[in-house]
Amino acid sequence: MDHDEIEVPSHFLCPISMQLMRDPVTVSTGISYDRESIEKWLFSCKNKVCPVTKQDLSDSSGLTPNHTLRRLIQAWCTINAPNGIERIPTPKSPINKSQILKLIDQAKISSKSQIKCLKSLVSIAQGSQSNKKCLESAGVIEFLASIIKKNEDSDFKFIANEEALNVLHHMDLSDIELKKLMGSGDGDGGSFIDSLIQISKFGNYRSRAYSITLLKSIFSVADHLQLINSRSEYFVAIVSILRDQISEQASKASLKLLMELCPWGRNRIKAVGAGAVRVLIELLLEISDRRTNELILMVLDQLCRCAEGRSELLKHAAGLAVVSKKIFRVSHVASDRAVRILSSISKYSATSRVLQEMLQVGVVAKLCLVLQVDSSHKTVERSKEILSLHSRAWKDSPCIPSHLLSFYPSS
């Protein structure tokens, strides 16, 4: 609806969004809001006060449908139909806990009824914030986890997993619920995390994308012991998602998950053993998205802090070249991470062959350019340190353009 040229009565507008209300509700302070806007205010933004009066509001249970105001808005829309205003539909009644429990009971009848139930839950989860809270209070998360953990091999199982993950994907799980899923295990179907890892490796593309996104969320609230105890097969699954490039969202979730895991214990070595370095270099060669490039370089920086990671980067014919190429081509963040990677190589893996390759592929010239161009202080200092460390091998090389040679640090 376009209201730019039509004067809308002020009491028809939501005080938060200043848009025409489609489902007006009244809170305990007596102020009416559009349901979607006030639920977003209460849940997504985690506010606990009335936006207008600033008085305390407990939760959405105090949202009372304002049927009179809704009918007035619908009548106004009908009158202004010739001006292009569409009549707002009568909103559906919010779902209640008993309806959800009935759905879950029906799911136990047969595999077909389970799939039908899951599809209904997806539709509910895609609705309002109050729907999501109602699903959580009815124990839907535990119900979905039990389906995903169930150990059976059938076509229905694959479909059920996909739909169950779809529901969880749309539920905006709280940290408390994510921690429960992290600790969900020791049952007939094994650990919930193990089930997600299996789906990440062997599910269809949609299920794999949902599972890696959920894994990223779960590990973001894990404690340090859980992070340290991450198994090698976790990294195999994560790297497979990156290698297959399922979607941009799944790739970013995988990279963020690696960032979460790599600093702990021997996880860097596990990631390198799963082939992460080679896959990340190949992605750097192909992907142009700024944020994805930053995340890749952040992960590579972590992996190059161990000897195994540096060795894998140097084994790749394009390793040093593509890292160097990203300096000034992506962002300040990417440039800083790329120089960090080169610093790790120059400090701990600088054989004569490596030093020669750094000259030939333009790494040294790029580091000289860092000193000339406006860069962050830490990036400049790190570049100076690298150049000073190997000045005997590099300073008089014809591989460095003369206009950059003057910037080579004297000591």
Side-chain angles (χ1 to χ4, degrees), residues 16 23-29 33-51 55-66 91-109 113-150 160-187 189 191-193 195-196 210-211 213-215 217-218 220-222:
I16 299 176
D23 184 8
V25 293
T26 303
V27 299
S28 58
T29 59
Y33 300 92
D34 186 66
R35 183 185 293 277
E36 183 179 353
S37 296
I38 191 63
E39 285 184 349
K40 183 177 180 181
W41 169 268
L42 290 172
F43 298 128
S44 300
C45 302
K46 298 182 179 178
N47 295 294
K48 298 298 180 184
V49 297
C50 174
Q55 291 176 266
D56 287 340
L57 296 175
S58 56
D59 53 34
S60 65
S61 61
L63 303 183
T64 305
N66 191 331
K92 295 179 180 179
S93 300
I95 199 77
N96 59 56
K97 187 174 179 179
S98 62
Q99 290 172 299
I100 296 170
L101 291 172
K102 185 178 179 181
L103 272 175
I104 293 174
D105 285 338
Q106 291 172 346
K108 300 173 183 177
I109 298 172
S113 61
Q114 184 182 84
I115 301 301
K116 185 178 179 181
C117 163
L118 290 170
K119 289 183 181 294
S120 297
L121 292 176
V122 170
S123 179
I124 294 168
Q126 289 174 329
S128 64
Q129 289 288 341
S130 61
N131 280 3
K132 297 173 185 179
K133 289 291 179 182
C134 193
L135 288 171
E136 189 174 309
S137 66
V140 164
I141 297 172
E142 292 83 354
F143 167 67
L144 298 171
S146 69
I147 290 174
I148 292 169
K149 287 166 56 183
K150 192 173 182 181
N161 279 345
E162 182 178 345
E163 296 300 339
L165 286 166
N166 196 358
V167 181
L168 289 170
H169 179 74
H170 285 96
M171 280 190 66
D172 302 329
L173 301 177
S174 66
D175 287 357
I176 293 173
E177 292 300 333
L178 289 169
K179 286 179 180 178
K180 287 181 183 177
L181 290 175
M182 182 75 191
S184 177
D186 303 324
S191 162
F192 181 73
I193 296 295
S195 297
L196 287 183
Y210 286 148
S211 63
T213 303
L214 185 54
L215 281 166
S217 298
I218 291 173
S220 70
V221 299

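This chain uses plain numbering: 1 for the first residue, then up along the sequence. The shown structure was predicted, so the numbers you read here are calculated from the model rather than taken from an experiment.
- Looking at residues two or more places apart in sequence or on another chain, you find no side chain to side chain donor-acceptor pair (under 3.5 Å) involving D34.
- Looking at residues two or more places apart in sequence or on another chain, you find a side chain to side chain donor-acceptor pair (under 3.5 Å) between K119 and E163.
- Listed here is the closest heavy atom pair of C134 and I100: SG-CD1, 3.6 Å.
- Ring geometry for Y210 versus H170: interplanar angle over 60°, hence perpendicular rather than tilted (30 to 60°).
- For the atom pair R35 CZ and T64 OG1, the distance stands at 9.0 Å (nearest 0.5 Å).
- Counting only heavy atoms from C-beta outward, the side chains of L214 and L173 approach each other to under 4.5 Å.
- Between I147 and N161, the shortest heavy-atom distance links the atoms O-OD1, 3.8 Å.
- In this structure, CG in L196 is found 8.0 Å from CG in L181, a value given to the nearest 0.5 Å.
- Atom CD of Q126 sits about 6.5 Å away from atom OG of S123, to the nearest 0.5 Å.
- Salt bridge status for D56 with K48: absent, with no side-chain N to carboxylate O gap under 4.0 Å.
- Here the CD1 atom belonging to I16 is positioned 4.0 Å from the CD1 atom belonging to I38, to the nearest 0.5 angstrom.
- In the displayed structure, E36 atom CD is contacted under 6.0 Å by at most 12 heavy atoms of other residues, nucleotides or ligands.
- Note that CD of E136 is 5.5 Å distant from CE of M171, once rounded to the nearest 0.5 Å.
- N96 places a side-chain N or O within 3.5 Å of a backbone atom of S98 that can act as its donor or acceptor partner.
- Residues that satisfy the side chain to side chain donor-acceptor pair (under 3.5 Å) test with Q55, not counting sequence neighbours, are T53.
- Every residue meeting the side-chain contact (heavy atoms from CB on, under 4.5 Å) condition with S220, not counting sequence neighbours, appears here in chain and number order: E260.
- Distance check, rounded to the nearest 0.5 Å: CG of N66 to CG of D23 gives 10.0 Å.
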Run the numbers on C117 and L121 for side-chain contact (heavy atoms from CB on, under 4.5 Å), then give the verdict. CA-CA 6 Å; C117 163; L121 292 176; 3.9 Å; yes
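- Side-chain contact between F143 and L118: present, with at least one pair of heavy atoms (C-beta onward) separated by less than 4.5 Å.
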Report the C-alpha separation of T26 and Y33 in whole Å, then their side-chain angles, then the decisive distance to 0.1 Å, and conclude whether the side-chain contact (heavy atoms from CB on, under 4.5 Å) test is met. CA-CA 6 Å; T26 303; Y33 300 92; over 6 Å; no
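- A heavy-atom distance below 4.5 Å is found between the side chains of E39 and L63.
- The minimum heavy-atom distance between V25 and P65, with the atom names listed, is CG1-CA, 4.0 Å.
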What's the verdict on side-chain contact (heavy atoms from CB on, under 4.5 Å) for L57 and L42, showing C-alpha distance, side-chain angles and the deciding distance? CA-CA 8 Å; L57 296 175; L42 290 172; 4.3 Å; yes
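- The shortest distance between side-chain heavy atoms of Q99 and K102 does not fall below 4.5 Å.
- Checked against side-chain contact (heavy atoms from CB on, under 4.5 Å), A222 has the following partners two or more places apart in sequence or in another chain: M182, F219, Q226, L227.
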side-chain contact (heavy atoms from CB on, under 4.5 Å), that's the test. Do I124 and L103 meet it? Break it down for me. CA-CA 11 Å; I124 294 168; L103 272 175; 3.9 Å; yes
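- A side-chain donor-acceptor contact under 3.5 Å links S195 to the backbone of S191.
- W41 places a side-chain heavy atom less than 4.5 Å from the side chain of P51.
- For the 3.5 Å distance criterion, the side chains of S113 and Q106 fail to qualify, holding no donor opposite an acceptor.
- Under the side chain to side chain donor-acceptor pair (under 3.5 Å) criterion, S120 pairs with no residue, sequence neighbours left out.
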